[in-house]
J.: 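Next up is a structure, given as structure tokens.
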Amino acid sequence: MPLAPTVAAARLARLALLARAVAPALAPVATCLVGLAASFLLWRALEDQQVRRVHRSVQSELAAAAHQLEADVGDGTRALGQVARHWDALGDGRARREAAAYAEARPGCAGVARVGPGDAVHWVDETGAGARTVADLGGGPALGAALREGTPALCYPLRSAWGGTRTILLFAPHEPGSPRGGLVAVLRADRWIDAVLHANVAAGYALAVTDGAEEVYARRAAEDAYRGLEQSLPVDAVGRPWRLHAWPTPEVVEGERTPLPALSLAVGLLATTLLTLAAAAVRATRRHAADLEREIREREAAQGALQRSEALHRSLTENLDQGVYLKDRDGRFLAANPAFCRLVGRGAADVVGRTEAELFAADPDAAAHAADDQRARAEGRAEGERTVAVAGAPRVVRYTLTLLRDGSLLGLTWDVTEWRAVEAQYRQAQKMEAFGQLAGGVAHDFNNLLTVINGFTDLLLEGLPAGGALREAAGEVRNAGERAAALTAQLLAFSRKSIVEPKVLDLNDVVAQVGKMLGRLIGADVVLATDLADGLHRVRADRGQVEQVVVNLAVNARDAMPRGGRLTVRTRNVEVAAGADRRPGRYAELAVSDTGTGMTDGVRAKLFEPFFTTKGVGQGTGLGLATVHGIVSQAGGHVGVETKLGEGTTFSVLLPAVDGPDPRAPGPRAGAGPGAPRGSELVLLVEDELAVRRLARAALEGVGYRVLEAASGAEAVRIADGCADPIDLLVTDVVMPGMGGRDVAAALRARRPVTRVLFVSGYTDGAIVPHGVDGDGVAFLQKPYTPRSLARKVRAVLDGLDGLDGRDGSDGAAGAPDPVP
């Protein structure tokens, strides 16, 4: 019995010795298996990551395409429903034109027809002449139910009835919930949905639209290999169970594919092989030289680190946007990354081994390059900027040169053209903002002074006899005041701080009206020609400011033709595509061309700067083109210039197109007539400036109004509380110490709801908007105003016509004075 434990212990000892002997032999195998497993697991994970990226890409593109399709179905249904519901109100002729316009505007629309009540089908055009009854249209029970119930519907006619092409019937009732019939639009599914899902919506994907189990539309059949990557979303199509499906194509999958999985697998296999060999070498040499084993491990580690470092630096230099190069002591290029080769327009083989003198033999700045090398070698570093020609275009390049320990030079270059352009734009914007702040700051006080000067001068002129010396002197004062007001308006226009009243305009109508005075303005030696496009897009802008743009450009053109010439004003419609330097969309263009002297590049660069002029002293303010730029920018437009010395200049003004009513439709205008309108109502006048308050009171009492005056908002409320008579109108300054104009109006209307309000201010829009005075329906008069313009505005507000005569306080075009009585 005692022998049994001894035998067992001996066996265990032999097994331990065998394990120690076999373990070194199994180590390489184990290393190989682990390395292979890790490599394949990493490769599989990276492949799965690529598949997930494809899934996310399909989901993102599908969501955008589904939203686009759903929005177009809804827009089409609403637009057709609008025509159907208003058919009787529009009349048969106009309704047919609206329906035909719908068919023409809707991509893939084969025609529009009236159906019901009953079985008759009446086509707006002859597209569907073969279908005369509802049965001919097809559509099955869905169309019949929609006719009976008066609900919108989508249904499908027989393919054979429409030339074998999949078509869709879109039905909109004349009256919801009533079997009165309606309009049916016949849509070719392929053209319609192709137009909705155009080339840049889900580009590169196979798309399909299904209605239950039936396919409505398909774009590019999905390949079997990618069927498993299908994604789908429901689409709200007038109650139909539509779904939009998308599959990636080989191009999309290849676009998401990277060489990283294969590279990781190759690196893993290589590492596994190396580790296996290393394990075998260690097994073979362990018993002989422990020191040699340690040295081998250190060398392997150092070699791996060096390889990783070299790979990292190579990857960095090859993928940098900045150009990197290395020169030897003799100035020859030892290496250059792709970015530098692109910058100099040469291949790597043409760069390496050459000097800059050989590489840039035709460059006049080659000597400067050599001087930079010498400075870097003398000081250890050199940097700067230079302009080089890249693909024939000048580019600004910044560079640094660093001297390395072995005497070679490391160079780094990068293109800073866009940075410098942005810096120049930023400096220009800061300068314009400074001028704008200056203009806005002086506007209030200056406008108050001009109101007093021009207003009391008008009152003085009314009391002076015609032909007298005093009347002539007062007239000169009045004219000077008007010129000062016009100059203030120009300052506010170029700084985009002027108060405007945008309206829908027809530029052709503006040109026609202004053209009546341009002939006298430009002189007899300049021929005026107009080329006005038919069907011109309408724009939204202030009419007076647009007239000022035309006049300023015409005057500028006249001054460029001192010996006469031809001035052409042209209009046309312009479509700006995506990717241009302006916002894409529809524009109306107003172009003014002359045959004058043209301009140099230096003049053109400063063209729109305020106070810049090429005219002599006293011949111009330098605000004309700056004003044009400010007005057009404030309207959301763009000003372009094309010029050539000795041949002339063309200024092109682009204003965004809008939809709106006919701007030439006649309407009432307050205050029409040669004289100031009179009244007898009670007016509460609130103005903190004594001189302006005296002028306003004299002007209003002079045309019959009864006036209560207050020097502050609090005083105005006290006067209103103590007045037993109805106060018909409150005329109040907007910005006052303590209680502002809006607070006065709110307090007075709480006590007297029927009292009308007219706000007055010499501040610009940027200053009065924070005080709550802005928006449609607010009666506003801009300082400086005249006694006549104040009387007209007061009459307009009392008569309920406020806003019809403008917000700027003038009786006509900007800067035009009242006629001298």
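Computed from a predicted structure; not experimentally measured. Note: hydrogens, waters and symmetry copies are ignored here, and every other heavy atom, side chains too, is used.
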J.: Can any side-chain N or O of N508 pair as donor or acceptor with the backbone N or O of A533 at less than 3.5 Å?
T.: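 Checked: pair present.
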J.: Measuring only between side-chain heavy atoms, which start at C-beta, is R583 closer than 4.5 Å to P656?
T.: yes
J.: Does a salt bridge link D509 with R543, judged by any charged N lying under 4.0 Å from a carboxylate O?
T.: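 A salt bridge is present here (some side-chain N lies under 4.0 Å from a carboxylate O).
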J.: Does the D594 side chain pair with the main chain of T649, one donor and one acceptor, at a distance under 3.5 Å?
T.: yes
J.: Name all pairs fulfilling the side chain to side chain donor-acceptor pair (under 3.5 Å) condition that reach into residues 697-708, sequence neighbours left out, sorted by first residue then second.
T.: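 For residues 697-708, and leaving out neighbouring residues, the side chain to side chain donor-acceptor pair (under 3.5 Å) pairs sorted by first residue read R697-E701, R697-E709, Y705-R795.
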J.: Answer yes or no: is there a side-chain heavy-atom contact under 4.5 Å between L781 and F759?
T.: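 Of all side-chain heavy-atom pairs linking F759 with L781, none is under 4.5 Å.
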J.: Between T643 and G598 (side chain of the first, backbone of the second, donor and acceptor by atom type, cut-off under 3.5 Å), is there such a pair?
T.: no
J.: For P677 and V703, which heavy atoms make the closest approach, and how far apart are they?
T.: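 Smallest interatomic distance, heavy atoms only, reads O-CB, 3.8 Å.
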J.: Could you tell me whether the side chain of L567 reaches within less than 4.5 Å of the side chain of V527, counting heavy atoms only?
T.: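 Counting from C-beta outward, V527 and L567 never come under 4.5 Å.
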J.: So which heavy atom on G741 is nearest to which on T732, and how close?
T.: CA-OG1, 3.6 Å
J.: Which is it for V797 and L729 under the side-chain contact (heavy atoms from CB on, under 4.5 Å) test, yes or no, and what are the steps along the way?
T.: CA-CA 8 Å; V797 175; L729 177 65; 3.7 Å; yes
J.: For residues R752 and D725, report the shortest heavy-atom separation together with the two atoms involved.
T.: NH1-O, 2.9 Å
J.: May I ask you to test the P726-V754 pair for a side-chain heavy-atom distance under 4.5 Å?
T.: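 No - every pair of side-chain heavy atoms lies 4.5 Å or more apart.
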J.: Measure the spacing between CZ of R538 and CG of L655 and express it to the nearest 0.5 Å.
T.: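 Atom-to-atom, R538:CZ and L655:CG are 15.0 Å apart.
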J.: At their closest point, which heavy atom of C723 faces which heavy atom of L682, and how far apart are they?
T.: SG-CD2, 3.9 Å
J.: Taking all non-hydrogen atoms of both residues into account, name the closest pair between L758 and F780 and its distance.
T.: CD1-N, 3.9 Å
J.: In plain terms, say whether K783 and D733 are close enough for a salt bridge, that is, a side-chain N and a carboxylate O under 4.0 Å apart.
T.: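 Answer for the salt bridge query: yes.
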J.: Is the backbone of H537 close enough, under 3.5 Å, to the side chain of N573 for a donor and an acceptor to pair up by distance?
T.: yes
J.: Out of the candidates N552, L505, V510, only one should pair with E547 under the side-chain contact (heavy atoms from CB on, under 4.5 Å) rule; please name it.
T.: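 Exactly one option meets the side-chain contact (heavy atoms from CB on, under 4.5 Å) with E547, and it is V510.
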J.: Check whether any side-chain N or O of T595 sits under 3.5 Å from a backbone N or O of R566 as a donor-acceptor pair, and report yes or no.
T.: yes
J.: Using 0.5 Å steps for rounding, measure from the CE atom of M739 to the CE atom of M736.
T.: 8.5 Å
J.: Are R751 and D721 within salt-bridge range, i.e. N to O under 4.0 Å?
T.: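 The answer is yes: the pair qualifies as a salt bridge.
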J.: Would you mind reporting whether V686 and L684 have side-chain heavy atoms less than 4.5 Å apart?
T.: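 They are in contact (side-chain heavy atoms under 4.5 Å apart), so the answer is yes.
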J.: Do L507 and L536 touch side chain to side chain, with heavy atoms closer than 4.5 Å?
T.: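 Touching, per the 4.5 Å side-chain cut-off.
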J.: We want to know whether E589 and S652 form a side-chain donor-acceptor pair, criterion being a heavy-atom distance below 3.5 angstrom.
T.: yes
J.: Just wondering, do T568 and V592 contact through their side chains at under 4.5 Å, heavy atoms?
T.: no
J.: Any side-chain heavy atom of N556 sitting closer than 4.5 Å to one from F651?
T.: yes
J.: Any idea which heavy atoms bring P787 and L695 closest together, and the distance?
T.: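 Reported closest heavy-atom pair: CG-CD1, 4.1 Å.
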J.: So, taking the atom named CZ in R749 and the one named CG in L730, what distance separates them when rounded to the nearest 0.5 Å?
T.: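 Taking CZ in R749 and CG in L730, the distance rounds to 8.5 Å.
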J.: Hey, what do you get for CG (D542) to NZ (K503), rounding to the nearest 0.5 Å?
T.: 8.5 Å
J.: When you measure from the side chain of S761 to the backbone of V734, do you find a donor-acceptor pair of N or O atoms at a distance under 3.5 Å?
T.: no
J.: Nearest 0.5 Å please: distance from the CG atom of D799 over to the CZ atom of R756.
T.: 8.0 Å
J.: Go through the steps to decide whether V628 and V632 satisfy the test side-chain contact (heavy atoms from CB on, under 4.5 Å), and finish with yes or no.
T.: CA-CA 6 Å; V628 170; V632 175; 4.3 Å; yes
J.: Is R694 paired with E687 through a side-chain N to carboxylate O contact shorter than 4.0 Å?
T.: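 Salt bridge absent between E687 and R694.
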J.: Is there a side-chain contact (heavy atoms from CB on, under 4.5 Å) between V550 and L590? Walk through the geometry before answering.
T.: CA-CA 9 Å; V550 177; L590 170 66; 3.6 Å; yes
J.: Salt bridge check, D659 against R586: does any charged N sit closer than 4.0 Å to a carboxylate O?
T.: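 Yes, this pair counts.
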J.: Quick one: pull up OG1 in T755 and CG in L748 and give me the separation to the nearest 0.5 Å.
T.: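 Reported to 0.5 Å precision, the distance equals 5.0 Å.
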J.: Show your reasoning for whether side-chain contact (heavy atoms from CB on, under 4.5 Å) applies to V692 and Y785.
T.: CA-CA 10 Å; V692 177; Y785 56 77; 3.7 Å; yes
